Amino acid sequence: MKDSAYTTFLAGLGRRLGAVRRSRGLSQERVAQMLDMDRVSIGYIEQGRRSPRLATLYRLATLYDVRVTDFFDFEETADEALGRLVDDGPGA
């Protein structure tokens, strides 16, 4: 299932996950520790090389204090999303 559209989707999702993580001042290693995961797994997800499980997305959203759907709003750029999340607060 690694067709071009899916690969593009995973890359976009990974970029958004990494941007939100960085906006929270967290390293990949710290996130991995907090979620009891391997740092390499977090890196692969953010690079679009691995598809995250739904449970992992839920745990990341909870950790970052955002909605899971925020990770998938590709109409909005990552910078716009981060600005909105910062301006409106968690769960906005």
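Computed from a predicted structure; not experimentally measured.
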*Can you tell if the side chain of Leu13 reaches within under 4.5 Å of the side chain of Pro52, non-hydrogen atoms only?*
yes

_Close side-chain approach of Tyr64 to Asp70, heavy-atom, < 4.5 Å_ = no

*Cation-pi between Arg49 and Tyr44: NZ/CZ under 6.0 Å from ring centre and within 45° of the ring axis?*
yes

Distance from [X] atom [atom1] to [Y] atom [atom2], nearest 0.5 Å?
X: Glu46; Y: Leu60; atom1: CD; atom2: CG; answer: 8.5 Å
X: Phe71; Y: Tyr58; atom1: CZ; atom2: OH; answer: 12.0 Å
X: Asp38; Y: Gln33; atom1: CG; atom2: CD; answer: 11.0 Å
X: Leu57; Y: Thr69; atom1: CG; atom2: OG1; answer: 11.5 Å
X: Leu10; Y: Arg15; atom1: CG; atom2: CZ; answer: 10.5 Å
X: Arg24; Y: Leu63; atom1: CZ; atom2: CG; answer: 9.0 Å

_Please give me the minimum heavy-atom distance between Ala61 and Arg67, naming the atom from each residue._
CB-C, 4.1 Å

*For the side chain of Arg21 and the backbone of Leu26, is there at least one donor-acceptor N/O pair under 3.5 Å apart?*
yes

*For the pair Arg22 (side chain) and Gly18 (backbone), establish whether a donor and an acceptor sit closer than 3.5 Å, ignoring hydrogens and angles.*
yes

*Examine Leu17 and Met34 and state if one hydrophobic cluster contains both, with Ile, Leu, Val, Met, Phe, Trp and Tyr joined whenever side-chain heavy atoms are less than 4.5 Å apart.*
yes

*Do Ile42 and Val40 sit in the same hydrophobic cluster, where Ile, Leu, Val, Met, Phe, Trp and Tyr count as joined when their side-chain heavy atoms come under 4.5 Å apart?*
no

*Regarding Ser51 and Tyr6, is there a side-chain donor-to-acceptor distance under 3.5 Å anywhere?*
yes

